[in-house]
**Student:** 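First, the structure itself, so that you have it in front of you.
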2 protein chains.
Amino acid sequence: MTAKRDEIIATTCELLEVQGYHATGLNRILQESGAPKGSLYHYFPEGKEELAAEAIARSGAGIAGHIERALLESDDPAEAVTGFIRALAGHVAASGYRQGGPITAVALEAASTSERLRLACRDQYRGWQALFAAKLRPRYGPARADRLAALIIAAIEGGIILARSERSLQPLLAVAEEIEVLLGG
Amino acid sequence: MTAKRDEIIATTCELLEVQGYHATGLNRILQESGAPKGSLYHYFPEGKEELAAEAIARSGAGIAGHIERALLESDDPAEAVTGFIRALAGHVAASGYRQGGPITAVALEAASTSERLRLACRDQYRGWQALFAAKLRPRYGPARADRLAALIIAAIEGGIILARSERSLQPLLAVAEEIEVLLGG
DNA sequence: GTCTATACTATGATAGAC
DNA sequence: GTCTATCATAGTATAGAC
């Protein structure tokens, strides 16, 4: 029964996004996903870490999909990138400043704590960065495109942190505007 | 005896920076700071949250001091800002990619969880942002200076996340370079 | 009256029994 | 495949030592 396993992962994605890794208990995951209590170690023999790693991969793939679709919306890189950021900002606000950045919290908690989760997050970041870099490469060349992509990811992740702390879109919108300036020149 | 209270806060600062809020247990704090277990609720009657809030304020003030000093190093805003980022990058690497961003992890975990900690982090971010904005205002005017300051904070916070995930300075250095471009124009 | 040892309740992750 | 036991540790509170 893979449907139940999927449901567990989906619930984990949500909780990790809102609360981070350590604040998210297995009990809560099981309860929220409606899965039987004893079933967790059947589906995830390596326990919480394995489950979290899979959740990170899934969340990351979802974001990658959003990035891909957003970057197709315009031929102009500046417009495409800032369009993505503004759409993301809307999503952050719509969630009551609870969501946005599904792996950010885990990335920070796990960086010094769990090599497995650190690598899981790193791989997602690399994937996103590659998508932006590919879009920017024709105009800026490979080296600069990589740097710009790094800045974009960093500014988005940081912008989400500020937005959630302020409960305001302003930081993310400022990020979008300034990145537009940087790319527009 | 305020010295022991101070020691507890200092230890909490370190642990929060590396691990975040929920991963940091009171036992660990007490043990690491050499303070007796029973003394915690004497010094911090409201428990862990109160302790964390004080630690956030202290870490934040330390960063503010670093920002202030760095911004005095050059009259050119671009040089001053990127100087700060590069110095920070050095510190991140020197700590084995465990430190840097003392409140980032807590900000994310607590944003949806503890109003008190959310506000504590928000206030620190506002303070830092005000410092950068003040430096940028003469050249860029008030509105743009605020936006640039938001981008700078966001890009730094995000850059730290990426650097810690990659165990590499590259993301932070890319951030510095691109911000230099943005401010240099 | 300032500080600390100890105990308590809840919940964490996990693993063996059914 | 799932329930229940286990064992550790969490955060907290109180009663007593200095």
Side-chain angles (χ1 to χ4, degrees), chain A residues 1-56 105-106 108-110 112-118 120, chain B residues 1-56 105-106 108-118 120-121:
Chain A
M1 195 60 81
T2 269
K4 219 144 217 183
R5 211 183 106 101
D6 261 35
E7 180 61 30
I8 293 175
I9 297 177
T11 303
T12 305
C13 288
E14 292 173 29
L15 291 173
L16 288 185
E17 177 165 14
V18 175
Q19 302 180 329
Y21 182 75
H22 280 95
T24 300
L26 295 179
N27 291 341
R28 176 91 185 276
I29 294 174
L30 268 343
Q31 168 195 325
E32 206 131 316
S33 67
K37 307 222 171 201
S39 66
L40 203 148
Y41 280 79
H42 170 68
Y43 294 121
F44 305 93
E46 292 163 67
K48 190 183 183 182
E49 239 193 349
E50 180 183 6
L51 169 56
E54 285 214 39
I56 289 165
V106 183
L108 269 161
E109 292 177 86
S112 321
T113 280
S114 157
E115 191 66 1
R116 180 178 195 168
L117 296 183
R118 192 202 120 223
Chain B
M1 195 58 86
T2 271
K4 219 145 216 181
R5 210 184 107 101
D6 261 35
E7 179 61 29
I8 294 176
I9 296 178
T11 305
T12 305
C13 287
E14 291 174 30
L15 291 173
L16 288 185
E17 177 165 14
V18 175
Q19 300 179 332
Y21 182 75
H22 280 94
T24 300
L26 258 18
N27 290 337
R28 176 91 184 276
I29 293 174
L30 268 343
Q31 167 194 327
E32 206 131 314
S33 67
K37 164 121 194 172
S39 65
L40 205 147
Y41 278 80
H42 170 69
Y43 294 121
F44 306 93
E46 292 165 68
K48 190 183 183 182
E49 238 192 350
E50 178 182 8
L51 170 55
E54 284 215 39
I56 289 166
V106 183
L108 269 161
E109 293 178 85
S112 322
T113 279
S114 157
E115 191 66 0
R116 179 178 197 168
L117 296 182
R118 191 202 120 221
C121 293

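Letters A, B, ... are given to chains in the order of the sequence lines, protein chains preceding strands, and every chain is numbered from 1. Quick note: numbers below take in every heavy atom, side chains included, and nothing from hydrogens, waters or symmetry partners. These numbers were taken from a predicted model, which means no experiment stands behind them.
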**Student:** In whole Å, what is the span from the CG atom of Leu40(A) to the C1' atom of dA13(C)?
**Tutor:**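 Nearest whole value for this atom pair: 10 Å.
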
**Student:** How close or far is atom C1' of dG11(D) from atom CG of Leu26(B), stated in whole angstroms?
**Tutor:** 6 Å

**Student:** Would you mind telling me which of dT2(D), dA13(D), dA10(D) lies closest to the side-chain atoms of Asn27(B)?
**Tutor:** dA10(D)

**Student:** Go through dA5(C), dA13(C), dT2(D) for me and flag the one nearest to the Ser39(A) side chain.
**Tutor:** dT2(D)

**Student:** Considering only heavy atoms from C-beta outward, does the side chain of Ile9(B) approach that of Phe44(B) to under 4.5 Å?
**Tutor:**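 Yes; the side chains approach each other to less than 4.5 Å.
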
**Student:** Please report the closest heavy-atom contact between Cys13(B) and Ala55(B), naming both atoms and the distance.
**Tutor:**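 Shortest heavy-atom separation between Cys13(B) and Ala55(B) comes out as SG-O, 3.3 Å.
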
**Student:** For the side chain of Lys48(B), starting at C-beta, report the closest nucleotide among dG12(C), dG11(D), dC3(D).
**Tutor:** dG11(D)

**Student:** To the nearest angstrom, how far is Ile8(B) atom CD1 from dC3(C) atom C1'?
**Tutor:**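 Rounding to the nearest Å, CD1 of Ile8(B) and C1' of dC3(C) are 11 Å apart.
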
**Student:** Measure from the side chain of Lys37(B), starting at C-beta and using heavy atoms only, and say which of dG11(D), dT2(D), dG12(C) lies closest.
**Tutor:**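 Closest nucleotide among those given: dG11(D).
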
**Student:** Could you check how far CD of Glu46(B) sits from C1' of dA13(D), rounded to whole Å?
**Tutor:** 15 Å

**Student:** With nearest nucleotide decided by heavy atoms, which residue, His22(A) or His42(B), maps closer to the 5′ end of DNA chain C?
**Tutor:**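 Whichever sits nearer the 5' end wins; that is His42(B).
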
**Student:** Whole angstroms only, please: what is the CD-P distance between Gln31(A) and dA13(C)?
**Tutor:**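 Going from Gln31(A) (CD) to dA13(C) (P), I get 13 Å.
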
**Student:** Respond yes when some side-chain nitrogen or oxygen of Tyr41(A) is under 4.0 Å from OP1 or OP2 of dA15(C), and no when none is.
**Tutor:**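 It does not, given that no N or O in the side chain of Tyr41(A) lies less than 4.0 Å from OP1 or OP2 of dA15(C).
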
**Student:** Round to the nearest Å and state the distance from Glu50(B) atom CD to dG11(D) atom P.
**Tutor:**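 In whole Å, dG11(D) P and Glu50(B) CD are 15 Å from each other.
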
**Student:** May I have the distance from Phe44(B) (atom CZ) to dA13(D) (atom P), rounded to whole angstrom?
**Tutor:**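 Checked: the CZ to P distance equals 16 Å.
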
**Student:** Ignoring hydrogens and geometry, is there a side-chain-to-backbone donor-acceptor pair from Lys4(B) to Tyr43(B) under 3.5 Å?
**Tutor:**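 Checked: no pair found.
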
**Student:** Please report the shortest heavy-atom distance between Ile8(A) and Ser33(A), naming the atom on each side.
**Tutor:** CG1-OG, 3.8 Å

**Student:** For the side chain to side chain contact (heavy atoms under 4.5 Å, CB included) test, which of Val106(B), Thr11(B), Leu51(B) pairs with Leu16(B)?
**Tutor:** Val106(B)

**Student:** Between Glu7(B) (CD) and dC3(C) (P), how many Å, whole number?
**Tutor:**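 From Glu7(B) CD to dC3(C) P: 16 Å.
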
